[in-house]
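Reading through the structure tokens given below for one structure.
We count ligands from 1, going down the list as the structure has it; atoms in each ligand are counted the same way.
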Amino acid sequence: MNRLQGKTAIVTGASSGIGAAIAKELAMEGANVVLAARRLEKLDEVKNEITEIANGKVKIVAIQADLSVQSDVNQLVEKAQAELGNVDIFVNNAGQMRTASIRSGQVEDWEQMIDVNIKGVLYGIHAVLPSMLSRSTGHIINIASVAGHEVSKTSTVYSATKYAVRAISMGLEKELARTGVRITNISPGMVDTNLNSNRTWNDRKMLEAADIAKAVVYAVTQPDYVNVNEITVRPV
Ligand SMILES: NC(=O)c1ccc[n+]([C@@H]2O[C@H](COP(=O)([O-])OP(=O)(O)OC[C@H]3O[C@@H](n4cnc5c(N)ncnc54)[C@H](OP(=O)(O)O)[C@@H]3O)[C@@H](O)[C@H]2O)c1
């Protein structure tokens with residue numbers, strides 16, 4: 001299907017896992033996609049794979065960016081606009097899950113998670129929102145987590161960052177009412193990616209990255225007046 005033909009999307013954290021799957025699904029719907037992350041060689045692999053699957057019908061651009069550095073995020077959006085025009089869809093997916101209990105005392109790990117998972121999301125929104133507001137259209141997708149709905153003793157700081165992502169999504173929904181710009185928060189349960197060394201979760205089979213990508217496509221293909229605010233996806 002080509003429900004996103006002519007649209008431009010940026011997907012952060014597109015060098016692996018959920019981000020790579022989101023980029024692929026958006027491209028299969030006809031969107032031109034900018035892939036962003038720190039590992040350029042991995043981005044190029046994803047770019048080549050999508051270009052082949054899409055038979056060259058969409059434009060895929062790989063841009064190296066550290067989402068925890070605001071100037072990188074601003075440059076990412078500027079380069080994306082220069083290459084592919086106005087950004088219609090911005091997927092805040094880049095994220096890290098490091099040692100997260102308070103008792104571990106791993107301050108550097110906490111700071112990494114805060115910098116990417118919270119500040120990176122804010123930098124991304126800050127970079128794309130003015131253009132979206134001036135055009136009265138656009139869609140921001142924030143990838144949070146079920147860890148933003150419940151906390152375990154090993155996930156304290158990671159959960160705190162994902163609660164923050166949900167709070168940002170909830171506040172933004174109110175800020176953006178009647179502007180034409182949409183915001184969707186997606187909270188995945190356990191997904192089989194590099195982020196997870198577990199292969200089951202509470203004896204449940206883990207989700208595939210493509211399952212989350214399909215939730216993104218669902219949200220961005222609704223009619224313009226429909227804002228899907230929150231999607232939570234857990235394995236059965
Ligand atoms: N897997 C799960 O069970 C699960 C569940 C709920 C939510 N999530 C969320 O889903 C998102 C994607 O995670 P994943 O499971 O797909 O893990 P992943 O395969 O490890 O992917 C993480 C992505 O984030 C990028 N990234 C990390 N730090 C970055 C930085 N400073 N600047 C730019 N990019 C950065 C990585 O790229 P580079 O290393 O190349 O920079 C990579 O592409 C995260 O926000 C995660 O919290 C995952």
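- There is a side-chain donor-acceptor pair under 3.5 Å between D109 and T99.
- With values rounded to the nearest 0.5 angstrom, M97 atom CE is found 10.0 Å from K162 atom NZ.
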Run through all N or O atoms in ligand 1 and write down each protein N or O closer than 3.5 Å, as a pair with its distance.
from, atom 1, to, atom 2, distance (Å)
ligand 1, 1 (N), V191, O, 3.2
ligand 1, 1 (N), T193, OG1, 3.1
ligand 1, 1 (N), N196, ND2, 3.4
ligand 1, 3 (O), V191, N, 2.7
ligand 1, 3 (O), V191, O, 3.4
ligand 1, 3 (O), N196, ND2, 2.5
ligand 1, 15 (O), T193, OG1, 2.6
ligand 1, 16 (O), I18, N, 2.7
ligand 1, 19 (O), S16, OG, 2.9
ligand 1, 21 (O), S16, OG, 3.3
ligand 1, 24 (O), G95, N, 3.4
ligand 1, 28 (N), R38, NH2, 3.4
ligand 1, 28 (N), Q96, NE2, 2.9
ligand 1, 31 (N), D66, OD1, 2.9
ligand 1, 32 (N), L67, N, 2.8
ligand 1, 37 (O), S15, OG, 2.9
ligand 1, 39 (O), R38, NH2, 3.0
ligand 1, 39 (O), R39, NE, 3.1
ligand 1, 40 (O), S15, OG, 2.8
ligand 1, 40 (O), R39, N, 3.0
ligand 1, 40 (O), R39, NE, 2.7
ligand 1, 41 (O), R38, N, 2.9
ligand 1, 41 (O), R38, NE, 2.7
ligand 1, 41 (O), R38, NH2, 3.4
ligand 1, 43 (O), G13, O, 3.0
ligand 1, 43 (O), S15, N, 3.4
ligand 1, 43 (O), S15, OG, 2.8
ligand 1, 45 (O), N93, O, 2.8
ligand 1, 45 (O), K162, NZ, 3.0
ligand 1, 47 (O), Y158, OH, 2.6
ligand 1, 47 (O), K162, NZ, 3.0

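- For the residue pair S152 / S155, a side-chain donor-acceptor distance below 3.5 Å is found, with atom types taken as modelled.
- Here the options are Q64, K47, K42, the test is side chain to side chain contact (heavy atoms under 4.5 Å, CB included), and the partner is L35; only K47 passes.
- Side chains of N142 and S169: a donor on one and an acceptor on the other come within 3.5 Å.
- In the model, E230 has a side-chain atom that pairs as donor or acceptor with a side-chain atom of S187 under 3.5 Å.
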